[in-house]
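These notes are about the structure you will find just below.
In each ligand, atom 1 is the first atom listed, and ligand 1 is the first ligand listed. Counting begins at 1 with the first residue of the sequence.
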Amino acid sequence: MKNNRLGVVLIVSSLLMITLVVWLMLQRQADAHAAQIRAQGLGVTRSLSALPMSTLAPGAGRAGVLNSLFALQDNPDFAYAAVVAPGGAALAEVARAGATVAVSALPTGTPSLFGERTIDGAAGSRSVREFYGPVLEEGVLKGFVRVAYFAPERMLTGRDLPFFGVLALAMFLLVPLAWLLIRRELAPLGAIGAQLGQLIAATQEPEGRGGVIGVPRDARDLAEHLQQFLLSANARINALERDSVKALADGRLLEYGSNKMHAVLHCMPDGVLILDPSGEITFANSKIEPLLGAAIDAVLSSNIDQWCRDAPLRTLLARYRSDSMEAGRQAGVEFSPVAVPHKRLVATAQPLVGADGAIAFGTLVVLRDATREHLAQQAGNDFVAHVSHELKSPLNVIVMYAEMLQDAAPDDLAMRVEAINVIQDEVERMAALVNNLLNVSKLETGSMSPERHRIKLDDLLRDAFNHALPRAESRNMTLDLQVPRELAAVSIDKDLFRIALNNLMTNAIKYNRDGGTVSLIAEEGDNDIVVTVRDSGIGIPHEDQAHIFEKFYRARDGEAQSRGGHGLGLYLACQIVELHHGRITLDSEPGRGSAFSIHLKKMAPLTAGINSL
Ligand code: ADP
């Protein structure tokens with residue numbers, strides 16, 4: 001229907017077009033005709049007005065120049081020519097049949113005026129275009145020449161009909177041609193429109209607004225389709241943009257969460273491995289490297305057997321493959337890594353189970369450095385064995401000498417004296433050990449509170465020196481005392497400090513070589529007093545020095561171990577010095593000897609207050 005309407009519109013507009021073209025051509029023709037008449041009229045008027053009056057109007061009975069003009073003029077537009085007196089009275093005239101010389105006064109004014117005017121025809125006759133000019137003789141106005149032509153009319157003549165007919169026909173034939181072309185051009189648009197319709201239907205369907213969208217019938221339909229499509233596409237793009245922004249925000253949130261989780265896992269003091277449900281390692285934190293001696297890259301990219309040389313750990317990880325029966329249970333192993341043998345690690349595997357109890361998220365394996373605990377435990381075990389031994393040996397000696405005393409002859413005085421001395425020595429050794437143990441226990445329960453007094457250190461140092469002398473001499477050692485006579489006073493608990501000092505002196509002799517030297521040195525600085533016990537003994541290995549003041553810690557080199565001991569002497573000495581707000585330092589070179597220094601704050605001299613008064 002719409003196509004037909006377009007056809008009618010095309011026909012009507014083509015008719016209008018034809019009419020307009022014809023009108024314009026007629027108009028153009030009339031204008032050209034008027035111009036031609038004007039040129040002719042002006043020319044004739046000028047020619048006639050140049051002639052003398054006698055030639056123009058020679059008098060009655062004589063053929064004037066006007067008649068000759070009329071006879072010569074073969075112009076159907078010629079209406080009339082007349083010569084009039086200045087007053088307007090006709091002197092001579094000639095007119096075409098059907099035309100009369102208009103009785104109309106000429107415009108007055110300057111006599112040399114040439115002019116033209118249109119004079120409407122009376123009823124039934126045509127209007128004319130009149131041209132006039134003055135006839136002058138020696139400057140005197142003798143009359144006027146008037147020449148008139150029929151005014152051109154816009155009329156379709158028989159001559160014009162073929163031309164306009166051919167023109168109209170050509171234009172009329174062009175209309176269906178244009179119509180066909182338009183239809184042909186519109187056909188692909190129709191197809192595009194149909195596809196647009198399908199697209200619109202497809203994009204609207206998810207929102208439940210889908211409807212049947214037909215094939216477009218004309219360009220307006222197509223434009224509507226296109227607009228509809230653009231709207232729905234725009235809405236879809238907006239929705240997608242919203243989704244994308246939301247997805248981006250969600251992604252960032254997830255990334256943040258994951259980064260946070262990784263940062264937490266990396267900062268943990270323990271080593272962490274995360275296994276996926278199939279048992280593959282998907283995460284390893286940075287502590288794995290120092291604990292296991294394996295690079296993180298290797299742990300993450302290669303097979304467990306390739307990077308892990310520790311059989312207990314391999315067995316533990318193998319348990320957490322998804323096909324293993326034990327995969328869902330927690331388990332742990334303790335081992336010393338092959339790559340870092342001095343360490344002791346505890347690996348605990350905890351399945352990350354889902355609601356149904358199956359391994360849903362893999363397994364978390366935590367590797368804890370239990371070296372210290374292990375050493376402490378080992379030292380504790382050694383200690384119990386050692387203390388038992390230390391108590392048992394003197395007891396055996398005591399029992400042995402007691403029996404000898406019993407069996408000895410009453411007059412064997414030398415033997416009795418020796419037995420009593422030995423028994424006394426052994427009791428002292430036992431008492432020393434028990435005392436150390438008691439002191440440690442007191443320290444740890446917090447019941448050891450120092451009773452500090454103002455003490456002159458030199459006496460105390462000399463006592464400790466004398467106490468150690470017999471033992472040193474028994475091993476041919478040189479004991480050296482370098483203590484100034486007048487030392488500043490310090491505030492200490494004499495008995496506790498003596499324990500610390502004796503422990504250092506005992507060690508200096510015990511871990512020394514026969515014939516070596518032990519020096520007890522005191523130096524006074526501006527603010528403190530430094531007491532140093534230096535020996536020329538076996539020294540302490542560098543790796544043990546950092547732990548040497550720990551409870552039960554003993555250097556692990558064979559020579560130190562062979563000397564016997566229980567790892568309490570230095571611990572006690574350090575604790576006692578710290579109770580006095582002092583500090584103890586070690587300077588030792590393996591094989592060359594050690595120096596333990598106690599730093600104590602000096603007390604102000606008693607006279608200082610008096611002097612300041
Ligand atoms: P013990 O001597 O009973 O083992 P200590 O606490 O007194 O316990 O000493 C701890 C460890 O420190 C000793 O086992 C020894 O290895 C080391 N040590 C202490 N003093 C010295 C020293 N003067 N020279 C070398 N090693 C020492």
Hey, does the side chain of Ser258 reach the backbone of Leu254 with a donor-acceptor pair shorter than 3.5 angstrom? no
Worked check of side chain to side chain contact (heavy atoms under 4.5 Å, CB included) between Leu496 and His580: CA-CA 10 Å; Leu496 283 181; His580 287 89; 4.2 Å; yes
Check contact between Phe549 and ligand 1, using heavy atoms of the residue and a distance below 4.0 angstrom. no
Hey, does Ile540 sit under 4.0 Å from ligand 1 if you only count heavy atoms? yes
Protein contact of atom 6 (O) of ligand 1 - nearest heavy atom, named by residue and atom, plus distance: Leu570 N, 2.8 Å
Option whose closest heavy atom lies nearest to atom 12 (O) of ligand 1, chosen from Ile548, Asp535, Asp544: Ile548
Nearest non-hydrogen protein atom to atom 10 (C) of ligand 1, with distance, is Tyr553 O, 3.3 Å
Donor + acceptor pair across side chains of Thr532, Ser597 (<3.5 Å): yes
What atoms of ligand 1 come within less than 4.0 Å of a heavy atom belonging to Asn507? 2 (O), 5 (P), 7 (O), 9 (O), 19 (C), 20 (N), 23 (N)
Non-hydrogen atom of Lys510 closer than 4.0 Å to ligand 1: yes
His266 vs Phe283, ring-ring contact (aromatic ring centres under 6.0 Å, His included): CA-CA, chis, key distance, verdict: CA-CA 10 Å; His266 273 295; Phe283 175 84; 5.2 Å; yes
Near Leu568, which atoms of ligand 1 are under 4.0 Å from a heavy atom of that residue? 6 (O), 8 (O)
For atom 21 (C) of ligand 1, the protein heavy atom that lies nearest, with its residue and separation: Tyr511 CD1, 3.5 Å
So that I can tick it off, tell me whether Arg556 and Asp544 are bridged by a salt bridge, with the cut-off set at under 4.0 angstrom between side-chain N and carboxylate O. yes
So, His581 versus Arg452: side-chain donor-acceptor pair below 3.5 Å or not? yes
With heavy atoms of Ala560 as the reference, note each atom of ligand 1 found under 4.0 Å away. 16 (O)
Between His453 and Ser491, a side-chain donor and acceptor under 3.5 Å: no
Taking the basic N atoms (NZ, or NE/NH1/NH2) and the acidic carboxylate oxygens, is any pair closer than 4.0 Å for Asp310 and Arg314? no
Electrostatic pair Arg368-Glu373, nearest N-O below 4.0 angstrom: yes
Could you see which bit of Phe596 sits under 4.0 Å from ligand 1, with heavy atoms only: side chain, backbone, both or neither? side chain
One thing to verify: whether Lys602 and Glu524 come together as a salt bridge, which I'm taking to mean a side-chain N less than 4.0 angstrom from a carboxylate O. yes
For ligand 1, is Gly567 a contact, meaning one of its heavy atoms is under 4.0 Å away? yes
Polar contact flag, side-chain donor to acceptor under 3.5 angstrom, His547-Glu550: yes
Does ligand 1 have a heavy atom under 4.0 Å from the side chain of Thr506, from its backbone, from both, or from neither? neither
Tell me the contacting part of Ala555 for ligand 1: side chain, backbone, both, or neither, using a 4.0 Å heavy-atom threshold, strictly below. both
Name the closest protein heavy atom to atom 4 (O) of ligand 1, giving the residue it belongs to and the distance to 0.1 Å. Arg554 NE, 2.5 Å
Ligand-residue contact atoms, ligand 1 with Ser594, heavy atoms, under 4.0 Å: 24 (N), 25 (C)
Around atom 3 (O) of ligand 1, find the nearest protein heavy atom and jot down its residue, atom name and distance. His566 N, 2.7 Å
